[in-house]
Amino acid sequence: KIIQGMKQVGVVNPVFLLDEIDKLSSDWRGDPAAALLEALDPEQNHTFTDHYLDVPYDLSKVFFITTANTLSTIPRPLLDRMEVIEIPGYTLHEKRAIARYFRWPFQVKEAGLEGRLEITDRAIERIVQEYTREAGVRNLDRELSKVARKAAKDYLEKPWEGVRVVDAEDLEAYLGVPKYRPDRAEKEPQVGAAQGLAWTPYGGTLLTIEAVAVPGTGKVNLTGNLGEVMKESAHAALTYLRAHREAWGLPEGFHKDYDLHIHVPEGATPKDGPSAGITIATALASALTGRPVRMDIAMTGEITLRGSVLPIGGVKEKVLAAVRFGVKHVILPEQNEPDWEEIPAEVRAKIKVHFVSHITEVVKTALEAK
């Protein structure tokens, strides 16, 4: 296929796009990744051998671009030959602009309702938040198409004069019941609950972590469909609290006199990663001391056994999620300070950031007095 493509373009320096490279699979006929190793390696692709023609060919001037949804399924040797460029999902502001200026005019024209149908920005935002959950805009485009087609059907049955405007309150009539509920941060301080920020393929999201201490024999129960790394973060947070019990004012012998249950709601959704470490530690400290956690704060950061807060990824998506859910303050690791500058200025103006290097700073900011 590569040699056929070279013949088709008729130049030695074309751009090749290899789409969905993470979907590669090998079987008894061979492994395509092995052939791509030779094609993509700049050190040896000047003598790329096509097994059909059985002659070497120079691919060193070809610019290869590959796309993937996840890096985990790409063979390591193949990934080593590529420069990885992470492209974050669209923000609400960007999705609204794409829908308003590009996709909505196209769908109205397709439905034959130019000059007769409009949609408000509030309706577009509601479609994004309650009818789609994605990093791109494919499903958003599909929902806009449904609105336009339903309006076209209504117009054929009963034509109207002038322009019909679709507002947020009208969407049920066009799209049915919302598929997703809009998440909102809790308002009142809570004992044994802390708000974390998580990255998902669909963007950032708010993650409430709950902790309860009940009289028992020292068992630790972790629920909510947690991955191994997240469970390890919970144990690291607990060990740190045990090691610094007196400084935190925790009950003596709590590790053997209480059963601790840590739960992350929405158990149907798998959750993993180390970035919930400081959130788990805060929820545990709150449950054991009875001090409530401020619910206008969301946090993210990995915790070590010494209480240090390590940097995490997905800062932009997580901060955008915090703003979307109405959170006023966000706690980030000190080493993620350079990532703060990549966040749009209008977003930074809506939220106050606290950079921390140790868990004591987190607790000082997030926990209220009894």
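Heads up: numbering here begins at 1 and tracks the sequence. The model shown is predicted, which means the values in this text are computed figures rather than measured ones.
- Between I21 and A68, the shortest heavy-atom distance links the atoms CG2-CB, 4.1 Å.
- Each of T132, V128, L171, V137 was compared with E143 under the side chain to side chain contact (heavy atoms under 4.5 Å, CB included) criterion, and only T132 meets it.
- Each of L222, I262, I280 was compared with K231 under the side chain to side chain contact (heavy atoms under 4.5 Å, CB included) criterion, and only L222 meets it.
- A chain of hydrophobic side-chain contacts below 4.5 Å, direct or via other Ile, Leu, Val, Met, Phe, Trp or Tyr residues, connects I343 to F325.
- Between the side chains of T365 and E361, no donor N or O sits under 3.5 Å from an acceptor N or O.
- The pair K316-E86 does not meet the salt-bridge criterion, since no charged nitrogen lies less than 4.0 angstrom from a carboxylate oxygen.
- Salt bridge status for D259 with K219: absent, with no side-chain N to carboxylate O gap under 4.0 Å.
- Annotation: side-chain contact (heavy atoms from CB on, under 4.5 Å) contacts of V9 (sequence neighbours excluded): V11, P14.
- Heavy-atom contacts from other residues, nucleotides or ligands closer than 6.0 Å to NE2 of H244 number more than 12.
- Residue-environment remark: CZ (R138) stays at or below the threshold of 12 foreign heavy atoms within 6.0 Å.
- Following chains of ILVMFWY side-chain contacts shorter than 4.5 Å, one cannot reach L310 starting from L332, and the two form parts of different hydrophobic clusters.
- The hydrophobic cluster containing V84 also contains L78, counting ILVMFWY residues as joined when their side-chain heavy atoms lie under 4.5 angstrom apart, directly or transitively.
- Electrostatic pairing of R149 and E110 does not count as a salt bridge here, judged by no charged N lying under 4.0 Å from a carboxylate O.
- Between S275 and L197, the closest heavy-atom pair is OG-O, 4.3 Å.
- Between K150 and D154 there is a salt bridge, with a side-chain nitrogen of the basic residue lying less than 4.0 Å from a carboxylate oxygen of the acidic one.
- One finds no salt bridge joining K350 and E346 here, because no Lys/Arg side-chain nitrogen approaches an Asp/Glu carboxylate oxygen to under 4.0 Å.
- The other members of the hydrophobic cluster of F102, by chain and number, are Y101 (side-chain heavy atoms under 4.5 Å, ILVMFWY only).
- The closest donor-acceptor contact from the side chain of R291 to the backbone of S286 lies at 3.5 Å or more, if one exists at all.
- Using a cut-off of 4.0 Å between Lys/Arg side-chain N and Asp/Glu carboxylate O, R96 and E125 are scored as salt-bridged.
- A distance-only check finds a donor-acceptor pair linking the side chain of Q195 to the backbone of M295 [under 3.5 Å].
- The environment of E246 atom CD is sparse: at most 12 non-hydrogen atoms of other residues, nucleotides or ligands sit within 6.0 angstrom.
- Using bins of under 30°, 30° to 60° and over 60° for the plane-to-plane angle, the ring pair F16/F64 lands in the tilted bin.
- When only modelled atom types and interatomic distance are considered, T223 and H261 share a side-chain donor-acceptor pair under 3.5 Å.
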